[in-house]
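Okay, here's the structure, questions in a sec.
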2 protein chains.
Amino acid sequence: MGTNAPLYAQVEQSLVARLGVSLHPGDRLPTEDELIDEFGVSRITVRRAVQNLVARNLVVTRRGQGSFVAVPSFTQSLTALTGFVEDMDAHGLPSRARVLRVEEIAAPPDVRAALDLPLGARVTRIQRVRLAVGHPVSFDDTYLPTDLGRLVAQDDLENEQIFTLLESRHGTPLTEASYAMRASTADAVLADALEVAEGSAIFRIERTSYTSGLRPVDYEVLHYRGDAITFTTRLPRARTPGQEQ
Amino acid sequence: MGTNAPLYAQVEQSLVARLGVSLHPGDRLPTEDELIDEFGVSRITVRRAVQNLVARNLVVTRRGQGSFVAVPSFTQSLTALTGFVEDMDAHGLPSRARVLRVEEIAAPPDVRAALDLPLGARVTRIQRVRLAVGHPVSFDDTYLPTDLGRLVAQDDLENEQIFTLLESRHGTPLTEASYAMRASTADAVLADALEVAEGSAIFRIERTSYTSGLRPVDYEVLHYRGDAITFTTRLPRARTPGQEQ
DNA sequence: TAGATCATGTTGTTATAACAACCGATCGGC
DNA sequence: GCCGATCGGTTGTTATAACAACATGATCTA
């Protein structure tokens, strides 16, 4: 990422590298003037770097006081969630996977963003079709940093869950995950893999799983047959307007 | 918001006001130089305004070409029960409703199940198209028990929110809701209402809202344009040893 | 002593300026 | 006619500069 990246990106990355090392949640960052001196750039540049960190929820700024490392307590979502494939497993449906491909590639932008990897980083991609009672229900792309990916790649991906492998065998406890869900339709590849007609409904889920320290370790794009999955949840009514936080 | 708000916020708001009116998805925005002339501000100010629109997914910029209106798309966090207008307000976007139909019908089985009604019960059905920044985003069926439905039917459904009507005017505080979300595709009716091609992706949500005592009072079937909405959530790792994924 | 005021340090807003990177079309040479 | 170079238009990056708004603690005043 060295010298040809924008200065603000270099400053930004340099600050990120300190998080959890010399900078901890609640700590105050160096002031803008200090960063100007330290990096030898202009104020507009350090401000852009800090603003990007704010946008990434890593830093909060308080006018008149300074900028502070955010507390990563951002895990609200008091919602208990049921459903999903747990349902399938709970129904006792045997779930197997057909591994289509395991390879090492340069991380695409969305993968880099999810796993917080620098430009040019490589990842292991695992492409599988998941089956329930013998019929395909989802087409999954799993992306792992290569250090983990090389380990997992040697395991029995047809019969073991990646989550289980990570947790039990590779010392990577998973603490939480973020989900992004969309409705989509099947292109030719998906249709073929899932044995549905092209244009059929697809429930698309991007899931990023985190290990301790909120470090992302597993990014998956799951394409479920639209008729094979329902996502259910229960949410409380937003509290009285007039105060939030 | 008048004169004491930052200039970039005023420019930003002024641009948002044009979305769906004189600016439609795919259109090119005025260039930065044109905006400078038009608003009489500096480049740093118009750039900040445009960047904020980019951050809100309302605009995309292409270096060397210009800035363009994005097709409306929203990321909705699944943290609390909120109505469409509340969601759009949270994004700072103008929203409207087009009421297609208000009628009393015999409750179909799924409605009876959701609202806990006996066989033969009647309900009020309200059919609406929801628009954000001037473009259809969702096609909604709302089912209310007739006692509530008759009250709500006399209100101004184009401009008032059903949740607000229920809570403020008709003494029915909402406490929580259950969601069931699926991927589907657009039939002819949906395609026409949402101005998409038949077969396009649809994010379908069944939502049952409850009032005190967990009494169901409002059952909705929401059909979002699949390309217009992404739902996100964040979940702690389920601690169920033995099965996951 | 309690309260108001001020000084200082901090982030927030805005202007001016210049150059870089990129896109698309036009123009030129072969 | 085809292909490369050039040029005008656009967004991206960065520097310098000044003032505003806010927080905090010190100082001044009643």
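Each chain gets a letter, A, B and so on, in the order its sequence line appears, and its residues count up from 1.
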Looking at A:R62, does any N or O in its side chain come under 4.0 Å of the phosphate oxygens OP1/OP2 on C:dT10?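 It does not, given that no N or O in the side chain of A:R62 lies less than 4.0 Å from OP1 or OP2 of C:dT10.
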Applying a 4.0 Å non-hydrogen cut-off, can you work out what A:I44 is touching in the nucleic acid: base, sugar-phosphate, or nothing?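 Contact class for A:I44: base.
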Using a 4.0 Å heavy-atom cut-off across all strands, classify B:R43 as base, sugar-phosphate, or nothing.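 Since a base atom lies under 4.0 Å of B:R43, the category is base.
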Give one of base, sugar-phosphate or nothing for A:V41, where a contact means two heavy atoms less than 4.0 Å apart.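 A:V41: backbone/sugar contact only, no base atoms under 4.0 Å.
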Taking the six-membered ring for Trp, are B:Y224 and B:F84 parallel (under 30°), tilted (30 to 60°) or perpendicular (over 60°)?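 Answer is tilted, since the angle falls between 30° and 60°.
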Base, sugar-phosphate or nothing for A:Q51? Non-hydrogen atoms, less than 4.0 Å.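 Touches sugar-phosphate only.
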Phosphate contact (C:dT10 OP1 or OP2) by A:S67 side-chain N/O below 4.0 Å: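 No, because none of the side-chain N or O atoms of A:S67 sits under 4.0 Å from OP1 or OP2 of C:dT10.
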Return the 5'-most residue of the pair A:S42, A:R63 with respect to DNA chain D, ranking by each residue's nearest nucleotide.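 On the 5' side of the pair lies A:S42.
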Between C:dT14, C:dT13, D:dG12, which nucleotide has the shortest distance from any of its atoms to the side chain of B:T61?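 So the nucleotide nearest the side chain must be D:dG12.
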If you compare every side-chain N and O of B:R47 against the phosphate oxygens of D:dG12 (OP1, OP2), does one of them come in below 4.0 Å?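 Yes, such a contact exists.
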Salt bridge B:E158-B:R96, side-chain N to carboxylate O under 4.0 Å: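 No salt bridge links B:E158 with B:R96.
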More than 12 heavy atoms of other residues, nucleotides or ligands under 6.0 Å from CZ of A:R18: yes or no?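 More than 12 within 6.0 Å, yes.
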Just compare C:dT11, D:dT24, D:dA15 and give me whichever is closest to any side-chain atom of A:Q65.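 So the side chain of A:Q65 is nearest to D:dT24.
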So, A:R122 versus A:T146: side-chain donor-acceptor pair below 3.5 Å or not?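 No - no donor-acceptor pair under 3.5 Å links their side chains.
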Distance check: side-chain N/O of A:Y8 vs OP1/OP2 of D:dT13, anything under 4.0 Å?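 A:Y8 to D:dT13 OP1/OP2: side-chain N or O found under 4.0 Å.
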Taking only the side-chain nitrogens and oxygens of A:T45, find out if one of them lies under 4.0 Å from OP1 or OP2 of D:dA15.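 Yes.
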